[in-house]
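For reference, the structure is listed below as C-alpha coordinates.
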Protein chains: 2
Amino acid sequence: MPRDGTITRTRILDATLALAMEKGLAATSLDEIIAKTGITKGAFFYHFKNKNELAITLVKRFAEQDHEIYKTATARVETLSRDPLQQVLLLCGLGAELFKEVPENPGCLMASYCYQGDLWSEEARQVCEVALKEWADWIEAKLKQAAKKTPPAVPVDLRQVSEMFQVIFEGAFILARTYNQPDIIARQVLAYRDMLEALLKPAAKPRRKASSRRD
Amino acid sequence: MPRDGTITRTRILDATLALAMEKGLAATSLDEIIAKTGITKGAFFYHFKNKNELAITLVKRFAEQDHEIYKTATARVETLSRDPLQQVLLLCGLGAELFKEVPENPGCLMASYCYQGDLWSEEARQVCEVALKEWADWIEAKLKQAAKKTPPAVPVDLRQVSEMFQVIFEGAFILARTYNQPDIIARQVLAYRDMLEALLKPAAKPRRKASSRRD
DNA sequence: TTATTTATACCGACTAGTTGGTATAACATG
DNA sequence: CATGTTATACCAACTAGTCGGTATAAATAA
(Lines give C-alpha, C1' and ligand atoms only; values in the text may rest on other atoms or scores of the structure.)
Protein backbone atom coordinates (compact mmCIF):
# COMPACT_ATOMS: atom_id res chain seq x y z
CA MET A 1 0.00 0.00 0.00
CA PRO A 2 1.28 3.48 -0.90
CA ARG A 3 0.90 6.53 1.26
CA ASP A 4 -2.37 6.86 3.09
CA GLY A 5 -4.72 8.88 0.93
CA THR A 6 -7.41 9.27 3.53
CA ILE A 7 -5.27 11.88 5.28
CA THR A 8 -5.18 14.07 2.19
CA ARG A 9 -8.85 13.46 1.62
CA THR A 10 -9.68 14.58 5.14
CA ARG A 11 -7.51 17.65 4.78
CA ILE A 12 -9.33 18.59 1.60
CA LEU A 13 -12.66 18.28 3.38
CA ASP A 14 -11.48 20.28 6.37
CA ALA A 15 -10.11 23.08 4.21
CA THR A 16 -13.26 23.14 2.12
CA LEU A 17 -15.49 23.29 5.18
CA ALA A 18 -13.59 26.26 6.55
CA LEU A 19 -13.79 28.11 3.24
CA ALA A 20 -17.45 27.23 2.77
CA MET A 21 -18.30 28.63 6.18
CA GLU A 22 -16.32 31.76 5.55
CA LYS A 23 -17.42 32.70 2.06
CA GLY A 24 -19.69 29.99 0.73
CA LEU A 25 -18.71 27.03 -1.36
CA ALA A 26 -20.08 28.49 -4.56
CA ALA A 27 -17.73 31.43 -4.25
CA THR A 28 -14.79 29.20 -3.37
CA SER A 29 -12.65 28.09 -6.29
CA LEU A 30 -10.85 24.79 -6.50
CA ASP A 31 -7.61 26.73 -6.69
CA GLU A 32 -8.30 28.17 -3.26
CA ILE A 33 -9.16 24.77 -1.88
CA ILE A 34 -5.99 23.11 -3.16
CA ALA A 35 -3.91 26.06 -2.02
CA LYS A 36 -5.33 25.85 1.51
CA THR A 37 -4.93 22.08 1.53
CA GLY A 38 -1.41 22.33 0.18
CA ILE A 39 -1.88 19.93 -2.72
CA THR A 40 -2.29 20.21 -6.46
CA LYS A 41 -5.07 19.93 -8.97
CA GLY A 42 -4.12 16.40 -9.80
CA ALA A 43 -4.35 15.27 -6.22
CA PHE A 44 -7.71 16.89 -5.80
CA PHE A 45 -9.23 15.26 -8.85
CA TYR A 46 -7.82 11.95 -7.81
CA HIS A 47 -9.96 12.09 -4.66
CA PHE A 48 -13.08 13.78 -6.03
CA LYS A 49 -14.38 13.48 -9.53
CA ASN A 50 -15.66 17.08 -9.52
CA LYS A 51 -16.58 19.96 -7.29
CA ASN A 52 -20.13 18.79 -6.90
CA GLU A 53 -19.08 15.43 -5.56
CA LEU A 54 -16.94 17.28 -3.05
CA ALA A 55 -19.98 19.27 -1.99
CA ILE A 56 -22.07 16.13 -1.50
CA THR A 57 -19.31 14.36 0.39
CA LEU A 58 -18.82 17.34 2.64
CA VAL A 59 -22.46 17.66 3.59
CA LYS A 60 -22.69 13.93 4.21
CA ARG A 61 -19.78 14.10 6.60
CA PHE A 62 -21.39 17.10 8.28
CA ALA A 63 -24.61 15.14 8.71
CA GLU A 64 -22.74 12.16 10.15
CA GLN A 65 -21.00 14.33 12.71
CA ASP A 66 -24.33 15.90 13.58
CA HIS A 67 -25.75 12.44 14.08
CA GLU A 68 -22.95 11.57 16.49
CA ILE A 69 -23.62 14.71 18.50
CA TYR A 70 -27.30 13.82 18.54
CA LYS A 71 -26.66 10.33 19.84
CA THR A 72 -24.29 11.30 22.62
CA ALA A 73 -26.28 14.37 23.67
CA THR A 74 -29.63 12.61 23.90
CA ALA A 75 -28.08 9.63 25.67
CA ARG A 76 -26.44 11.95 28.15
CA VAL A 77 -29.54 13.94 29.08
CA GLU A 78 -31.50 10.72 29.42
CA THR A 79 -29.10 9.62 32.12
CA LEU A 80 -29.09 13.03 33.79
CA SER A 81 -32.81 13.13 34.36
CA ARG A 82 -35.80 10.81 34.22
CA ASP A 83 -38.31 13.59 33.54
CA PRO A 84 -38.91 14.12 29.79
CA LEU A 85 -39.31 17.88 30.06
CA GLN A 86 -36.12 18.17 32.09
CA GLN A 87 -34.34 16.08 29.47
CA VAL A 88 -35.29 18.53 26.75
CA LEU A 89 -34.35 21.50 28.91
CA LEU A 90 -31.00 19.88 29.61
CA LEU A 91 -30.50 19.28 25.91
CA CYS A 92 -30.95 22.98 25.32
CA GLY A 93 -28.43 23.65 28.05
CA LEU A 94 -25.94 21.37 26.37
CA GLY A 95 -26.58 23.05 23.04
CA ALA A 96 -25.95 26.44 24.55
CA GLU A 97 -22.78 25.16 26.18
CA LEU A 98 -21.48 23.95 22.83
CA PHE A 99 -21.66 27.49 21.50
CA LYS A 100 -20.35 29.18 24.64
CA GLU A 101 -16.85 28.78 23.29
CA VAL A 102 -17.37 30.55 20.03
CA PRO A 103 -16.26 28.84 16.83
CA GLU A 104 -14.50 31.05 14.31
CA ASN A 105 -17.32 31.19 11.80
CA PRO A 106 -20.45 29.98 13.54
CA GLY A 107 -22.84 28.61 10.99
CA CYS A 108 -24.44 25.57 9.46
CA LEU A 109 -23.20 24.00 6.26
CA MET A 110 -26.74 22.95 5.43
CA ALA A 111 -27.98 26.52 5.66
CA SER A 112 -25.08 27.64 3.54
CA TYR A 113 -26.05 25.14 0.85
CA CYS A 114 -29.68 26.23 1.08
CA TYR A 115 -28.91 29.63 -0.28
CA GLN A 116 -26.55 28.41 -3.03
CA GLY A 117 -28.70 26.64 -5.57
CA ASP A 118 -25.87 24.93 -7.40
CA LEU A 119 -25.03 22.84 -4.37
CA TRP A 120 -28.58 22.25 -3.28
CA SER A 121 -29.10 18.98 -5.10
CA GLU A 122 -31.98 16.72 -4.17
CA GLU A 123 -29.47 14.28 -2.70
CA ALA A 124 -27.97 16.92 -0.40
CA ARG A 125 -31.45 18.08 0.57
CA GLN A 126 -32.47 14.63 1.73
CA VAL A 127 -29.30 14.12 3.73
CA CYS A 128 -30.01 17.36 5.54
CA GLU A 129 -33.68 16.59 6.06
CA VAL A 130 -32.90 13.27 7.72
CA ALA A 131 -30.20 14.83 9.89
CA LEU A 132 -32.53 17.56 11.11
CA LYS A 133 -35.62 15.45 11.66
CA GLU A 134 -34.11 13.03 14.14
CA TRP A 135 -33.66 15.86 16.60
CA ALA A 136 -37.23 17.06 16.17
CA ASP A 137 -38.58 13.53 16.48
CA TRP A 138 -36.79 12.94 19.76
CA ILE A 139 -37.85 16.28 21.22
CA GLU A 140 -41.42 15.85 20.08
CA ALA A 141 -41.72 12.49 21.82
CA LYS A 142 -40.41 14.00 25.04
CA LEU A 143 -42.62 17.07 24.89
CA LYS A 144 -45.71 14.97 24.28
CA GLN A 145 -44.95 12.94 27.36
CA ALA A 146 -44.50 16.12 29.33
CA ALA A 147 -47.71 17.60 27.95
CA LYS A 148 -49.61 14.52 29.04
CA LYS A 149 -48.65 15.19 32.64
CA THR A 150 -49.06 18.96 32.50
CA PRO A 151 -51.01 20.17 29.47
CA PRO A 152 -49.93 23.61 28.26
CA ALA A 153 -52.13 26.54 29.23
CA VAL A 154 -52.57 27.50 25.57
CA PRO A 155 -53.25 25.13 22.67
CA VAL A 156 -49.98 24.71 20.79
CA ASP A 157 -48.61 22.53 17.99
CA LEU A 158 -45.93 20.51 19.75
CA ARG A 159 -44.42 19.31 16.49
CA GLN A 160 -43.68 22.91 15.56
CA VAL A 161 -42.34 23.60 19.02
CA SER A 162 -39.98 20.64 18.57
CA GLU A 163 -38.82 21.70 15.14
CA MET A 164 -38.26 25.12 16.60
CA PHE A 165 -35.14 23.72 18.24
CA GLN A 166 -33.43 23.59 14.83
CA VAL A 167 -35.09 26.80 13.74
CA ILE A 168 -33.53 28.60 16.70
CA PHE A 169 -30.06 27.37 15.81
CA GLU A 170 -30.32 28.18 12.14
CA GLY A 171 -31.83 31.58 12.80
CA ALA A 172 -29.38 32.38 15.55
CA PHE A 173 -26.43 31.63 13.27
CA ILE A 174 -27.70 34.25 10.87
CA LEU A 175 -28.26 36.84 13.55
CA ALA A 176 -24.88 36.06 15.06
CA ARG A 177 -23.28 36.85 11.73
CA THR A 178 -25.42 39.88 11.07
CA TYR A 179 -24.84 41.39 14.51
CA ASN A 180 -21.25 40.18 14.55
CA GLN A 181 -22.07 38.82 17.98
CA PRO A 182 -21.54 35.07 18.26
CA ASP A 183 -22.86 34.70 21.80
CA ILE A 184 -26.38 35.27 20.52
CA ILE A 185 -26.53 31.58 19.65
CA ALA A 186 -26.22 30.36 23.22
CA ARG A 187 -28.53 33.12 24.45
CA GLN A 188 -31.24 32.23 21.97
CA VAL A 189 -31.15 28.55 22.84
CA LEU A 190 -31.43 29.42 26.51
CA ALA A 191 -34.36 31.73 25.82
CA TYR A 192 -36.02 28.92 23.91
CA ARG A 193 -35.40 26.63 26.86
CA ASP A 194 -36.99 29.07 29.26
CA MET A 195 -40.03 29.46 27.05
CA LEU A 196 -40.35 25.70 26.87
CA GLU A 197 -40.27 25.56 30.62
CA ALA A 198 -42.94 28.23 30.92
CA LEU A 199 -45.06 26.30 28.47
CA LEU A 200 -44.85 22.85 30.01
CA LYS A 201 -43.65 22.88 33.55
CA PRO A 202 -46.00 21.95 36.41
CA ALA A 203 -47.62 25.12 37.70
CA ALA A 204 -47.05 25.60 41.39
CA LYS A 205 -46.50 22.12 42.73
CA PRO A 206 -43.66 22.17 45.22
CA ARG A 207 -42.23 18.96 43.71
CA ARG A 208 -39.38 20.74 41.98
CA LYS A 209 -35.83 19.57 41.89
CA ALA A 210 -33.13 22.19 42.00
CA SER A 211 -31.63 22.47 38.54
CA SER A 212 -28.37 24.32 38.28
CA ARG A 213 -28.92 27.43 36.26
CA ARG A 214 -26.16 29.34 34.57
CA ASP A 215 -25.71 33.05 35.10
CA MET B 1 -34.22 64.47 -20.05
CA PRO B 2 -34.09 61.44 -22.33
CA ARG B 3 -35.47 57.99 -21.65
CA ASP B 4 -36.24 57.01 -18.11
CA GLY B 5 -33.43 54.79 -16.85
CA THR B 6 -35.01 54.08 -13.49
CA ILE B 7 -37.25 51.49 -15.15
CA THR B 8 -34.27 49.52 -16.40
CA ARG B 9 -32.59 49.96 -13.05
CA THR B 10 -35.58 48.54 -11.22
CA ARG B 11 -35.83 45.65 -13.65
CA ILE B 12 -32.18 44.82 -13.04
CA LEU B 13 -32.76 44.79 -9.29
CA ASP B 14 -35.88 42.63 -9.58
CA ALA B 15 -34.17 40.11 -11.81
CA THR B 16 -31.15 40.00 -9.54
CA LEU B 17 -33.27 39.49 -6.45
CA ALA B 18 -35.04 36.55 -8.02
CA LEU B 19 -31.78 34.94 -9.08
CA ALA B 20 -30.14 35.63 -5.73
CA MET B 21 -32.99 33.93 -3.92
CA GLU B 22 -32.92 30.97 -6.24
CA LYS B 23 -29.21 30.24 -6.45
CA GLY B 24 -27.33 32.88 -4.53
CA LEU B 25 -25.84 36.05 -5.92
CA ALA B 26 -22.28 34.74 -5.82
CA ALA B 27 -23.23 31.92 -8.16
CA THR B 28 -25.18 34.27 -10.43
CA SER B 29 -23.24 35.72 -13.30
CA LEU B 30 -23.78 39.13 -14.78
CA ASP B 31 -24.60 37.43 -18.05
CA GLU B 32 -27.52 35.70 -16.39
CA ILE B 33 -28.69 38.93 -14.84
CA ILE B 34 -28.62 40.88 -18.09
CA ALA B 35 -30.24 37.98 -19.93
CA LYS B 36 -33.09 37.83 -17.40
CA THR B 37 -33.45 41.60 -17.45
CA GLY B 38 -33.34 41.66 -21.24
CA ILE B 39 -30.57 44.21 -21.57
CA THR B 40 -26.90 44.21 -22.45
CA LYS B 41 -23.63 44.58 -20.61
CA GLY B 42 -23.36 48.21 -21.54
CA ALA B 43 -26.71 49.09 -20.03
CA PHE B 44 -25.88 47.21 -16.88
CA PHE B 45 -22.59 48.97 -16.31
CA TYR B 46 -24.20 52.30 -16.95
CA HIS B 47 -26.45 51.72 -13.94
CA PHE B 48 -24.02 49.93 -11.62
CA LYS B 49 -20.31 50.41 -11.54
CA ASN B 50 -19.72 46.78 -10.62
CA LYS B 51 -21.34 43.67 -9.24
CA ASN B 52 -20.58 44.59 -5.68
CA GLU B 53 -22.38 47.90 -5.95
CA LEU B 54 -25.35 45.99 -7.29
CA ALA B 55 -25.22 43.75 -4.25
CA ILE B 56 -25.15 46.69 -1.86
CA THR B 57 -27.93 48.50 -3.69
CA LEU B 58 -30.06 45.38 -3.66
CA VAL B 59 -29.72 44.77 0.05
CA LYS B 60 -30.42 48.42 0.77
CA ARG B 61 -33.62 48.24 -1.21
CA PHE B 62 -34.50 45.03 0.61
CA ALA B 63 -33.95 46.76 3.95
CA GLU B 64 -36.06 49.72 2.91
CA GLN B 65 -38.94 47.48 1.92
CA ASP B 66 -38.56 45.64 5.22
CA HIS B 67 -38.75 48.96 6.99
CA GLU B 68 -42.00 49.82 5.21
CA ILE B 69 -43.50 46.51 6.25
CA TYR B 70 -42.36 47.17 9.80
CA LYS B 71 -43.99 50.57 9.90
CA THR B 72 -47.35 49.53 8.50
CA ALA B 73 -47.50 46.29 10.48
CA THR B 74 -46.71 47.83 13.86
CA ALA B 75 -49.04 50.73 13.21
CA ARG B 76 -51.79 48.34 12.30
CA VAL B 77 -51.53 46.12 15.36
CA GLU B 78 -51.36 49.18 17.57
CA THR B 79 -54.78 50.21 16.30
CA LEU B 80 -56.17 46.67 16.55
CA SER B 81 -55.46 46.33 20.25
CA ARG B 82 -54.46 48.47 23.18
CA ASP B 83 -52.84 45.63 25.11
CA PRO B 84 -49.08 45.36 24.40
CA LEU B 85 -49.01 41.57 24.57
CA GLN B 86 -51.95 41.31 22.21
CA GLN B 87 -50.20 43.68 19.84
CA VAL B 88 -47.19 41.40 19.65
CA LEU B 89 -49.37 38.34 19.23
CA LEU B 90 -51.24 40.07 16.45
CA LEU B 91 -47.95 40.98 14.79
CA CYS B 92 -47.06 37.31 14.73
CA GLY B 93 -50.42 36.56 13.22
CA LEU B 94 -49.80 39.12 10.50
CA GLY B 95 -46.36 37.65 9.86
CA ALA B 96 -47.82 34.18 9.51
CA GLU B 97 -50.47 35.51 7.16
CA LEU B 98 -47.82 37.04 4.93
CA PHE B 99 -46.32 33.60 4.38
CA LYS B 100 -49.61 31.75 4.05
CA GLU B 101 -49.55 32.45 0.34
CA VAL B 102 -46.20 30.91 -0.40
CA PRO B 103 -43.65 32.92 -2.36
CA GLU B 104 -41.74 31.05 -5.01
CA ASN B 105 -38.44 30.95 -3.18
CA PRO B 106 -39.11 31.82 0.43
CA GLY B 107 -35.99 33.28 1.94
CA CYS B 108 -34.18 36.32 3.18
CA LEU B 109 -31.66 38.21 1.10
CA MET B 110 -29.75 39.11 4.24
CA ALA B 111 -29.38 35.47 5.20
CA SER B 112 -28.28 34.69 1.68
CA TYR B 113 -25.57 37.32 1.91
CA CYS B 114 -24.53 36.00 5.33
CA TYR B 115 -23.33 32.79 3.86
CA GLN B 116 -21.57 34.33 0.87
CA GLY B 117 -18.58 36.19 2.22
CA ASP B 118 -17.86 38.17 -0.94
CA LEU B 119 -21.10 40.08 -0.59
CA TRP B 120 -20.98 40.37 3.17
CA SER B 121 -19.26 43.71 3.33
CA GLU B 122 -19.28 45.74 6.52
CA GLU B 123 -21.62 48.18 4.83
CA ALA B 124 -24.14 45.47 3.97
CA ARG B 125 -23.85 44.06 7.47
CA GLN B 126 -24.77 47.36 9.08
CA VAL B 127 -27.73 47.89 6.79
CA CYS B 128 -29.05 44.48 7.80
CA GLU B 129 -28.35 45.02 11.49
CA VAL B 130 -30.36 48.22 11.57
CA ALA B 131 -33.20 46.66 9.63
CA LEU B 132 -33.42 43.72 12.00
CA LYS B 133 -33.03 45.61 15.24
CA GLU B 134 -36.00 47.91 14.83
CA TRP B 135 -38.32 44.91 14.99
CA ALA B 136 -36.65 43.55 18.11
CA ASP B 137 -36.70 46.97 19.75
CA TRP B 138 -40.40 47.40 19.20
CA ILE B 139 -41.24 43.91 20.42
CA GLU B 140 -39.01 44.23 23.44
CA ALA B 141 -40.73 47.41 24.56
CA LYS B 142 -44.11 45.74 24.26
CA LEU B 143 -43.08 42.57 26.05
CA LYS B 144 -41.57 44.54 28.91
CA GLN B 145 -44.83 46.36 29.37
CA ALA B 146 -46.67 43.07 29.35
CA ALA B 147 -44.23 41.51 31.80
CA LYS B 148 -44.80 44.38 34.20
CA LYS B 149 -48.46 43.50 34.41
CA THR B 150 -47.99 39.72 34.46
CA PRO B 151 -44.43 38.65 35.21
CA PRO B 152 -43.44 35.38 33.54
CA ALA B 153 -43.44 32.27 35.70
CA VAL B 154 -39.82 31.58 34.83
CA PRO B 155 -37.00 34.13 34.69
CA VAL B 156 -36.34 34.89 31.03
CA ASP B 157 -34.29 37.32 28.98
CA LEU B 158 -36.95 39.36 27.20
CA ARG B 159 -34.44 40.89 24.81
CA GLN B 160 -33.62 37.43 23.53
CA VAL B 161 -37.30 36.55 23.34
CA SER B 162 -37.82 39.65 21.21
CA GLU B 163 -34.93 38.93 18.90
CA MET B 164 -36.29 35.43 18.57
CA PHE B 165 -38.95 36.90 16.29
CA GLN B 166 -36.32 37.36 13.58
CA VAL B 167 -34.58 34.17 14.54
CA ILE B 168 -37.77 32.24 13.90
CA PHE B 169 -38.17 33.72 10.44
CA GLU B 170 -34.58 33.19 9.41
CA GLY B 171 -34.51 29.67 10.77
CA ALA B 172 -37.89 28.79 9.31
CA PHE B 173 -36.76 29.89 5.85
CA ILE B 174 -33.94 27.40 6.04
CA LEU B 175 -36.13 24.57 7.27
CA ALA B 176 -38.71 25.42 4.63
CA ARG B 177 -36.07 24.97 1.96
CA THR B 178 -34.56 21.89 3.53
CA TYR B 179 -37.90 20.15 3.99
CA ASN B 180 -39.22 21.54 0.72
CA GLN B 181 -42.22 22.59 2.75
CA PRO B 182 -42.88 26.33 2.63
CA ASP B 183 -45.79 26.33 5.06
CA ILE B 184 -43.38 25.69 7.91
CA ILE B 185 -42.71 29.42 8.04
CA ALA B 186 -46.25 30.38 9.02
CA ARG B 187 -46.47 27.40 11.39
CA GLN B 188 -43.29 28.34 13.19
CA VAL B 189 -44.34 31.93 13.67
CA LEU B 190 -47.65 30.77 15.09
CA ALA B 191 -45.91 28.36 17.45
CA TYR B 192 -43.71 31.21 18.59
CA ARG B 193 -46.80 33.30 19.16
CA ASP B 194 -48.40 30.58 21.25
CA MET B 195 -45.28 30.20 23.37
CA LEU B 196 -45.22 33.94 23.90
CA GLU B 197 -48.77 33.80 25.08
CA ALA B 198 -48.02 30.96 27.47
CA LEU B 199 -45.11 32.96 28.81
CA LEU B 200 -46.84 36.27 29.37
CA LYS B 201 -50.58 36.07 29.41
CA PRO B 202 -52.46 36.57 32.65
CA ALA B 203 -53.26 33.25 34.30
CA ALA B 204 -56.84 32.11 33.90
CA LYS B 205 -57.04 31.48 37.59
CA PRO B 206 -55.84 34.47 39.58
CA ARG B 207 -53.41 32.35 41.53
CA ARG B 208 -50.37 33.64 43.35
CA LYS B 209 -47.27 33.96 41.17
CA ALA B 210 -44.57 33.27 43.72
CA SER B 211 -41.61 32.67 41.41
CA SER B 212 -39.24 31.86 44.22
CA ARG B 213 -36.25 30.38 42.50
CA ARG B 214 -33.27 29.97 44.72
CA ASP B 215 -29.95 29.86 42.86
C1' DT C 1 17.89 -11.67 -1.39
C1' DT C 2 16.76 -8.88 -5.21
C1' DA C 3 14.16 -7.63 -9.35
C1' DT C 4 9.67 -6.93 -11.26
C1' DT C 5 4.99 -6.05 -11.15
C1' DT C 6 0.93 -3.65 -9.63
C1' DA C 7 -2.11 -0.42 -7.48
C1' DT C 8 -2.52 3.69 -5.11
C1' DA C 9 -1.39 8.44 -4.52
C1' DC C 10 0.10 12.61 -6.39
C1' DC C 11 2.02 16.28 -9.64
C1' DG C 12 1.65 20.47 -12.68
C1' DA C 13 1.15 22.14 -17.30
C1' DC C 14 -2.66 22.64 -20.24
C1' DT C 15 -7.38 23.63 -22.34
C1' DA C 16 -11.88 25.28 -23.37
C1' DG C 17 -15.01 28.09 -21.64
C1' DT C 18 -16.71 31.77 -18.32
C1' DT C 19 -15.98 35.63 -15.44
C1' DG C 20 -16.34 40.64 -14.29
C1' DG C 21 -15.21 44.61 -16.47
C1' DT C 22 -13.97 48.19 -20.42
C1' DA C 23 -13.94 50.93 -24.70
C1' DT C 24 -16.49 53.09 -27.83
C1' DA C 25 -19.96 53.94 -30.96
C1' DA C 26 -25.03 54.45 -31.71
C1' DC C 27 -29.40 56.00 -30.37
C1' DA C 28 -33.14 58.62 -28.06
C1' DT C 29 -35.14 62.78 -26.52
C1' DG C 30 -35.59 67.49 -24.66
C1' DC D 1 -27.04 70.02 -30.36
C1' DA D 2 -26.10 67.81 -25.49
C1' DT D 3 -27.08 64.52 -22.27
C1' DG D 4 -28.71 60.28 -20.71
C1' DT D 5 -29.22 55.57 -22.14
C1' DT D 6 -28.27 51.27 -24.61
C1' DA D 7 -25.60 48.17 -27.86
C1' DT D 8 -21.47 45.74 -29.77
C1' DA D 9 -17.09 44.12 -29.46
C1' DC D 10 -13.51 42.95 -26.80
C1' DC D 11 -10.02 41.61 -22.97
C1' DA D 12 -7.33 39.75 -19.18
C1' DA D 13 -8.00 36.89 -15.42
C1' DC D 14 -9.97 33.13 -13.66
C1' DT D 15 -12.82 28.81 -13.80
C1' DA D 16 -13.47 23.69 -13.50
C1' DG D 17 -11.69 19.94 -15.31
C1' DT D 18 -8.08 16.93 -18.26
C1' DC D 19 -4.03 14.49 -19.23
C1' DG D 20 0.42 12.38 -19.44
C1' DG D 21 3.54 11.34 -16.32
C1' DT D 22 5.90 10.41 -11.62
C1' DA D 23 6.54 8.70 -6.78
C1' DT D 24 5.70 5.29 -3.28
C1' DA D 25 5.31 0.93 -1.29
C1' DA D 26 3.47 -3.55 -0.87
C1' DA D 27 3.08 -8.13 -3.24
C1' DT D 28 5.10 -11.36 -6.07
C1' DA D 29 8.61 -13.89 -8.43
C1' DA D 30 13.51 -15.20 -9.61
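Below, chain A is the first sequence line, B the second, and so on; all start at residue 1. Hydrogens, waters and symmetry mates are skipped; everything else that's a heavy atom, side chains included, is used.
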Checklist outcome for this item: In whole angstroms, the gap separating P of D:dG4 from CD1 of B:Ile7 amounts to 17 Å
Next on the checklist: For D:dT6 and B:Thr8 - does any side-chain N or O of the residue sit under 4.0 Å from the phosphate oxygens OP1/OP2?
Outcome noted: yes
Item to check | With B:Asp14, the side-chain hydrogen bond (donor to acceptor under 3.5 Å, both in side chains) member among B:Arg9, B:Lys36, B:Arg61 | outcome: B:Arg61
Let me have the donor-acceptor pairs involving side chains of residues 180-187 of chain A, under 3.5 Å, with sequence neighbours excluded, atom names and distances please.
unit_1   : atom_1 : unit_2   : atom_2 : d
A:Asp183 : OD2    : A:Arg187 : NE     : 2.8
A:Asp183 : OD2    : A:Arg187 : NH2    : 3.2

Checklist entry - To the nearest 10 degrees, how far apart in direction are the end axes of the helix from C:dT1-D:dA30 to C:dG30-D:dC1, each fit to five base pairs? => result 10°
Next on the checklist: Which residues pass the ring-ring contact (aromatic ring centres under 6.0 Å, His included) test with A:Phe48, not counting sequence neighbours?
Outcome noted: A:Phe44
Next on the checklist: With a 4.0 Å cutoff (strictly under), does any side-chain N or O of B:His47 reach OP1 or OP2 of D:dG4?
Outcome noted: no
Item to check | For A:Glu134, all residues meeting salt bridge (Lys or Arg N to Asp or Glu O under 4.0 Å), sequence neighbours excluded | outcome: none
Item to check | Between C1' of D:dG21 and OH of A:Tyr46, the distance in whole Å | outcome: 15 Å
Item to check | A:Glu123: side-chain contact (heavy atoms from CB on, under 4.5 Å) partners, not counting sequence neighbours | outcome: A:Ile56, A:Lys60, A:Ser121
Checklist entry - What residues, two or more places apart in sequence or in another chain, satisfy side-chain hydrogen bond (donor to acceptor under 3.5 Å, both in side chains) together with B:Glu101? => result none
Next on the checklist: I'd like to check the salt bridge (Lys or Arg N to Asp or Glu O under 4.0 Å) partners of B:Glu163; sequence neighbours left out, ordered by chain and number.
Outcome noted: B:Arg159
Checklist entry - What residues form a side-chain hydrogen bond (donor to acceptor under 3.5 Å, both in side chains) with A:Lys71, not counting sequence neighbours? => result none
Item to check | Under 4.0 Å protein heavy-atom contact, by nucleotide of nucleotides 15-22 of chain C - B base, S sugar-phosphate only | outcome: ----SBBB
Checklist entry - Rounded to the Å, how far apart are A:Ile33 CD1 and D:dT15 P? => result 11 Å
Item to check | Nearest-Å distance for atom pair CD1/C1', residues A:Ile34 and C:dG12 | outcome: 9 Å
